[in-house]
Amino acid sequence: MTLSGAGLGLRRGLLAPLAEHGYPAAGAESPAAAIDFFEIAPENWINVGGALGRQLRAYTERHAFACHGLSLNLGGPEPLDETLLAKIRRLLDTHGIAVYSEHLSYCSDDGHLYDLMPIPFTRAAVDWVAARIRRTQDALGRRIAVENVSYYAAPGREMDEVDFLHEIVAAADCDLLLDVNNILVNSVNHGYDAAAFLDAMPADRIAYYHVAGHYDEDPGLKVDTHGAPVIAPVWALLQRAYAQLGVRPTLLERDFNFPPLAELLDELAQIRTLQQKQHQPALPQRHVLAG
C-alpha cells in the first residue's frame, strides 16, 4: 500500500488508545479511518513475536506503513551492520512495507552512542555516506529516504547544510525525508532563515514529510523532543513546504508524553486541512466596475 495523506508514528504506548478507537481498521468506512498511514522504527519490532507481533501484523495487513530507522549509523566510521540490514529487509518484506528511511547522522563508534550525532558537512563525508546509502539500498532492495536531522554543533563544516543535502541525495541516488520541525529547530539554534532553507530543498527528491513538537530550553535554544504538540511556526512552515515543494504524505511524530488520542487526531486533521487547501484552485478575482 502506498503512503498518502496524514500518518502517525505507531508507538506501543498508543496501542491501547488506538484499539479503543477501532484500530486496526478494516477499511476506509471504519470509524478508524482518520489515520492514513503509520510509521514504525524497525529496531523496535525486529524479532518481536507473540501477541505484539500479531498486533503489528494486523496493522500492516490493513494500513499503509513506512519504516524509519534509528541505528543504521549511515554516517559512522564503522562498517555497516549487515546483520541489521538483513533483519530490516526481512521485516519489510514480511509486512509488505515499501518505504524505508533513516537519519542522516551517525550513532555509534566502537559502541552505540544513544544519540543522533551530526555528520560533518564536508566533501569527504558526502562520498563516504553516499556509498553507505547505496550499499543500504542494494541490501534492502529498495530506494531509501534520508532525513535532515536536528543538531546542536557543526564540527568540521566545509559547506552549507543545504549543499550537503543536495550532494548526498544526488551522489547516493536516494530520496529525502524532509523533517519540517528540524528545519525550524536548526534555524533558531544556528541562526539561519528557515523559509529560505526550506525553499532550497530538492523538491523532486522528497518522499514524505515529518512534523513534530519540540522543547524551548531558552529563546535561542530549541530541543527536538517529539514530546509536545506541533507549534504554529511549524504549521506555517509545513504549509509553505506544500506550496513551494509539493504536497506529500506527512507523518506526525509523537514519541512520549502522549495526550488523549483525540488531540493527535486533531493534529492529523490539521495536516489534512493544509494538504487539501493547497490542492484547492484559487478563487477568481472579483473585478469592481467603476461607476
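Excluded from the calculations below are hydrogen atoms, water molecules and symmetry mates; all remaining heavy atoms, backbone and side chain alike, are included.
- When hydrophobic clusters are built by joining Ile, Leu, Val, Met, Phe, Trp and Tyr residues whose side-chain heavy atoms come closer than 4.5 Å, directly or via intermediates, L80 is grouped together with L92.
- Rounding to the nearest 0.5 Å gives a distance of 13.5 Å between CZ of R132 and CG of D127.
- A heavy-atom distance below 4.5 Å is found between the side chains of E161 and N186.
- Under the side chain to side chain contact (heavy atoms under 4.5 Å, CB included) criterion, A6 pairs with D36, L268, I271, R272, sequence neighbours left out.
- In terms of heavy atoms, L264 sits closest to L252 at O-CD2, 3.8 Å.
- Residues forming a ring-ring contact (aromatic ring centres under 6.0 Å, His included) with H68 (at least two apart in sequence, or on another chain): H103, H210.
- For the atom pair L104 CG and D179 CG, the distance stands at 12.5 Å (nearest 0.5 Å).
- The shortest side-chain heavy-atom distance between E82 and R135 falls under the 4.5 Å cut-off.
- For the atom pair CD1 of I88 and OG of S71, the computed distance is 6.5 Å after rounding to the nearest 0.5 Å.
- No continuous path of ILVMFWY side-chain contacts below 4.5 Å connects V211 to L251, so the two sit in separate hydrophobic clusters.
- Cluster annotation: L72 is connected to V169 through the hydrophobic network of ILVMFWY side chains, with a link wherever side-chain heavy atoms come within less than 4.5 Å.
- For L70 against E102, the heavy-atom pair with the smallest separation is N-OE2, 3.2 Å.
- R12 contributes a side-chain N or O that, together with a main-chain N or O of N44, makes up a donor-acceptor pair within less than 3.5 Å.
- Annotation: side chain of E61 is not in contact with side chain of P24 (no heavy-atom distance under 4.5 Å).
- Screening residues 116-143 for ring-ring contact (aromatic ring centres under 6.0 Å, His included) gives F121-Y151, F121-F164 as the qualifying pairs, with residues at least two apart or on separate chains.
- Residues V129 and G75 share a closest heavy-atom pair of CG2-CA, 3.9 Å.
- With a 4.5 Å cut-off on side-chain heavy atoms, V146 and I133 count as touching.
- Between the side chain of R248 and the backbone N or O of L177 there is no donor-acceptor pair closer than 3.5 Å.
- Of the charged side-chain nitrogens involved, none lies within less than 4.0 Å of a carboxylate oxygen, so that R142 and D175 do not count as a salt-bridged pair.
- No side-chain donor-acceptor contact under 3.5 Å links R54 to the backbone of R57.
- In terms of heavy-atom proximity, N181 sits nearest to A212 at OD1-O, 3.3 Å.
- Cluster annotation: L237 is connected to L245 through the hydrophobic network of ILVMFWY side chains, with a link wherever side-chain heavy atoms come within less than 4.5 Å.
- Inter-residue side-chain proximity for T250 and V180 is flagged as unmet; no heavy-atom pair is nearer than 4.5 Å.
- Using a 4.5 Å cut-off on side-chain heavy atoms (C-beta onward), T94 and L91 make no contact.
- Remark: the backbone N or O of A171 is paired with a side-chain donor or acceptor of R134 at under 3.5 angstrom.
- By the 4.5 Å heavy-atom criterion applied to side chains, Y208 and S101 are counted as neighbours.
- Looking at D255 and R11, a side-chain N of the basic residue comes within less than 4.0 Å of a carboxylate O on the acidic one, giving a salt bridge.
- When all heavy atoms of L265 and A34 are compared, the pair lying nearest together is CD2-CB, 4.2 Å.
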Could you please spell out the steps behind the side-chain contact (heavy atoms from CB on, under 4.5 Å) verdict for V48 and L56? CA-CA 9 Å; V48 172; L56 178 61; over 6 Å; no
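- With hydrogens and angles ignored, the 3.5 Å screen pairs no side-chain donor or acceptor of R143 with any backbone N or O of Q137.
- Rounded to the nearest 0.5 angstrom, I183 CD1 and L198 CG are separated by 5.0 Å.
- Every residue meeting the side-chain hydrogen bond (donor to acceptor under 3.5 Å, both in side chains) condition with D199, not counting sequence neighbours, appears here in chain and number order: R240.
- Using a 4.5 Å cut-off between side-chain heavy atoms of Ile, Leu, Val, Met, Phe, Trp and Tyr, with links allowed through other members, F37 and I35 fall into different hydrophobic clusters.
- In this structure, CG in L74 is found 5.0 Å from OG1 in T136, a value given to the nearest 0.5 Å.
- Sorted by first then second residue, the ring-ring contact (aromatic ring centres under 6.0 Å, His included) pairs that include residues 229-274, not counting sequence neighbours, are Y209-Y242.
- A search for ring-ring contact (aromatic ring centres under 6.0 Å, His included) contacts involving F38 returns Y23, Y59, H63, F65, not counting sequence neighbours.
- A distance of 7.5 Å separates NZ of K87 from CG of L84, quoted to the nearest 0.5 Å.
- For D160 against R157, the heavy-atom pair with the smallest separation is CA-NH1, 4.1 Å.
- A heavy-atom distance below 4.5 Å is not found between the side chains of Q270 and V230.
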